[in-house]
A.B. asks: 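I'd like to ask some things about the structure below.
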Amino acid sequence: MNKKTKCCVWMLIFVMLVIMLTSNVGASDDGGDTFMYKTGNATVNVSGLKLRTGPGTDYSVIASISKSQAVKILGQVEDWFAVYDYNTNQVGFVNGGYLTTVSDDSKNDAKVPDEEAPNISEDVVMPENISDDAQRLLSLTNNVRQERGAGRLEYSEELSRVAFEKARDMVINNYFSHQSPCYGSPFEMMKAYGLNFTSAAENIAGNQTVDGAFYAWMNSESHMKNITNGDFTETGIGVYTSPIYGKIIVQLFMR
């Protein structure tokens with residue numbers, strides 16, 4: 001789809017949304033709801049956010065949006081935001097309290113709101129040829145593993161090449177999933193790169209910061225289990241700039 005076609009599609013979606021809003025919500029003299037035109041990108045900060053047909057819990061649910069997923073903000077009705085869900089290609093409403101807007105300022109946040117950054121051991125010697133983002137995530141991961149007696153993970157350049165390519169693949173091909181349309185599962189991809197392992201796992205996130213991705217993972221039982229799994233001995237980290245999320249972060253684990 002070329003740029004002109006995309007623009008036309010967005011315009012059609014927005015016009016349909018405005019028609020629905022003005023016919024059902026609109027502005028009123030008696031203090032009724034008012035539709036405000038507001039656009040931008042945001043990420044979901046809660047698991048299973050319900051996308052509804054209208055601005056309220058009385059409206060039916062048309063989709064469920066996962067935590068850390070991206071949405072396009074199209075407008076606002078009081079506390080509810082009209083959004084476009086990139087994953088399901090659906091337009092609907094979500095409660096604005098469950099969205100974190102993406103802005104030029106927020107992309108540089110060192111940590112998510114109301115979170116204390118974990119203490120990082122200063123005597124740890126970091127591997128060479130590692131990006132600042134990967135170094136930060138490696139430190140966060142190993143700090144938590146040490147606290148829980150899981151043992152430190154070794155940074156693998158070979159595994160990191162796979163993680164980086166997976167992150168790049170998600171941005172270039174516009175998807176967010178463990179299953180790649182090009183490489184298949186994470187395990188198939190690792191084998192295709194010549195890696196041998198007895199156990200492996202993958203964490204993925206779309207976030208403005210590496211810290212934000214890490215906190216989101218630690219608040220998810222399945223992702224936290226990968227981070228603190230004592231069976232894993234190596235990790236690979238890939239970070240790729242995303243126009244939707246800010247960053248796509250991939251962390252692979254293996255033994």
A.B. asks: Surrounding CD of Gln179 (heavy atoms of other residues, nucleotides or ligands, distance under 6.0 Å), is the total greater than 12?
C.D. replies: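 It does: Gln179 CD has more than 12 such atoms within range.
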A.B. asks: Treating Arg52 as the side-chain partner and Gly92 as the backbone partner, does any N or O pair qualify as donor plus acceptor under 3.5 Å?
C.D. replies: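 No, because the side chain of Arg52 does not come within donor-acceptor range (under 3.5 Å) of the backbone of Gly92.
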A.B. asks: I'd like to check the ring pair (Phe, Tyr, Trp, His ring centres under 6.0 Å) partners of Tyr98; sequence neighbours left out, ordered by chain and number.
C.D. replies: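 None.
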A.B. asks: Would the number of heavy atoms belonging to other residues, nucleotides or ligands and lying under 6.0 Å from CG of Asn173 be above 12?
C.D. replies: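 Atom CG in Asn173 is crowded, with more than 12 foreign heavy atoms closer than 6.0 Å.
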A.B. asks: Side-chain contact, heavy-atom cut-off 4.5 Å: Met254 with Glu202?
C.D. replies: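 In short, these two side chains do not touch, never coming nearer than 4.5 Å.
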A.B. asks: Does Thr235 use its side chain to pair, donor to acceptor, with the backbone of Phe253 at less than 3.5 Å?
C.D. replies: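 Looks like no, no N/O pair under 3.5 Å.
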A.B. asks: If only atom types and distance count, is the side chain of Arg145 paired as donor or acceptor with the main-chain N or O of Asn229 below 3.5 Å?
C.D. replies: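 It does hold such a pair.
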A.B. asks: Are Ser160 and Leu252 packed together at the side-chain level, in the sense that at least one heavy-atom pair is separated by less than 4.5 angstrom?
C.D. replies: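 Result no, sub-4.5 Å side-chain heavy-atom pair not found.
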A.B. asks: State whether the side chain of Asn203 and the backbone N or O of Gln251 hold a donor-acceptor pair below 3.5 Å, judged by distance alone.
C.D. replies: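 Side chain of Asn203 to backbone of Gln251: no pair is present.
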A.B. asks: Do NZ/NE/NH1/NH2 and the carboxylate oxygens of Arg161 and Glu165 come within less than 4.0 Å?
C.D. replies: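 Result for this pair is no, no salt bridge flagged.
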A.B. asks: Between Asn207 and Tyr215, do the side chains contain an N or O donor and an N or O acceptor separated by less than 3.5 Å?
C.D. replies: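 No, no side-chain donor-acceptor pair sits under 3.5 Å.
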A.B. asks: Does Trp80 belong to the same Ile/Leu/Val/Met/Phe/Trp/Tyr cluster as Val61, with side-chain heavy atoms less than 4.5 Å apart forming each link?
C.D. replies: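 In one cluster: no.
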A.B. asks: Ignoring hydrogens and angles, tell me if any N or O in the side chain of Trp217 forms a donor-acceptor pair with the backbone of Ile204 under 3.5 Å.
C.D. replies: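 Yes: the side chain of Trp217 pairs with the backbone of Ile204.
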A.B. asks: Could you tell me which non-hydrogen atom of Gly238 sits nearest to which non-hydrogen atom of Ala167, and how far apart they are?
C.D. replies: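 Closest approach of Gly238 to Ala167, heavy atoms only: O-CB, 4.0 Å.
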A.B. asks: Verify the distance criterion only: is there a donor paired with an acceptor across the side chains of Asp231 and Ser199 at less than 3.5 Å?
C.D. replies: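 No, no side-chain donor-acceptor pair sits under 3.5 Å.
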A.B. asks: What heavy-atom pair brings Ser64 and Gly48 nearest, and what distance separates the two atoms?
C.D. replies: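 Here Ser64 and Gly48 meet closest at OG-CA, 3.4 Å.
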A.B. asks: Can Glu188 and Lys191 be said to form a salt bridge (Lys or Arg N to Asp or Glu O under 4.0 Å), step by step?
C.D. replies: CA-CA 5 Å; Glu188 291 171 326; Lys191 289 178 180 178; over 6 Å; no
A.B. asks: I'd like to check the ring pair (Phe, Tyr, Trp, His ring centres under 6.0 Å) partners of Tyr183; sequence neighbours left out, ordered by chain and number.
C.D. replies: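 Checked Tyr183 against ring pair (Phe, Tyr, Trp, His ring centres under 6.0 Å); zero matches.
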A.B. asks: Quick one: does any side-chain atom of Lys166 pair with a main-chain N or O of His178 as donor and acceptor, under 3.5 Å?
C.D. replies: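 Yes, Lys166 side chain to His178 backbone: donor-acceptor pair under 3.5 Å.
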A.B. asks: Within the structure provided, determine whether Lys247 and Asp133 are in side-chain contact (heavy-atom separation under 4.5 Å).
C.D. replies: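 Answer yes - side chains close enough.
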A.B. asks: Report yes if the side chains of Ile249 and Tyr240 come closer than 4.5 Å at any heavy-atom pair, otherwise no.
C.D. replies: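 SC-SC contact between Ile249 and Tyr240 ruled out.
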A.B. asks: Check whether Tyr193 and Leu159 end up in the same hydrophobic cluster, where Ile, Leu, Val, Met, Phe, Trp and Tyr are linked by side-chain heavy atoms less than 4.5 Å apart.
C.D. replies: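 Yes; tracing contacts between hydrophobic side chains, which count when under 4.5 Å, links both residues.
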A.B. asks: Looking at side-chain heavy atoms only, is the closest gap between Val83 and Lys72 below 4.5 Å?
C.D. replies: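 No, their side chains stay 4.5 Å or more apart.
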A.B. asks: Donor-acceptor pair, distance only, cut-off 3.5 Å: does the side chain of Asn142 make one with the backbone of Leu153?
C.D. replies: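 Answer holds: yes.
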A.B. asks: Where is the tightest heavy-atom contact between Val162 and Met189, given as atom of each residue plus distance?
C.D. replies: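 Residues Val162 and Met189, closest heavy atoms: O-CE, 3.6 Å.
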A.B. asks: Over all heavy atoms of both residues, which pair between Ile237 and Ala134 is shortest? Give the atoms and the distance, please.
C.D. replies: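 That closest heavy-atom pairing would be CD1-O, 3.4 Å.
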A.B. asks: For a quick test of reading the model, state the closest non-hydrogen atom pair linking Gly206 to Ile248 and the distance between them.
C.D. replies: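 Answer, listing the atom of Gly206 first, then Ile248: CA-CD1, 4.1 Å.
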A.B. asks: Give a yes or no on whether the ring-centroid distance for Phe81 and Phe93 is below 6.0 angstrom.
C.D. replies: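 No, ring centres 6.0 Å or more apart.
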A.B. asks: Do Leu49 and Leu99 have side chains that get closer than 4.5 Å, going by heavy atoms?
C.D. replies: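 When only atoms from C-beta onward are counted, Leu99 and Leu49 do touch, with a gap below 4.5 Å.
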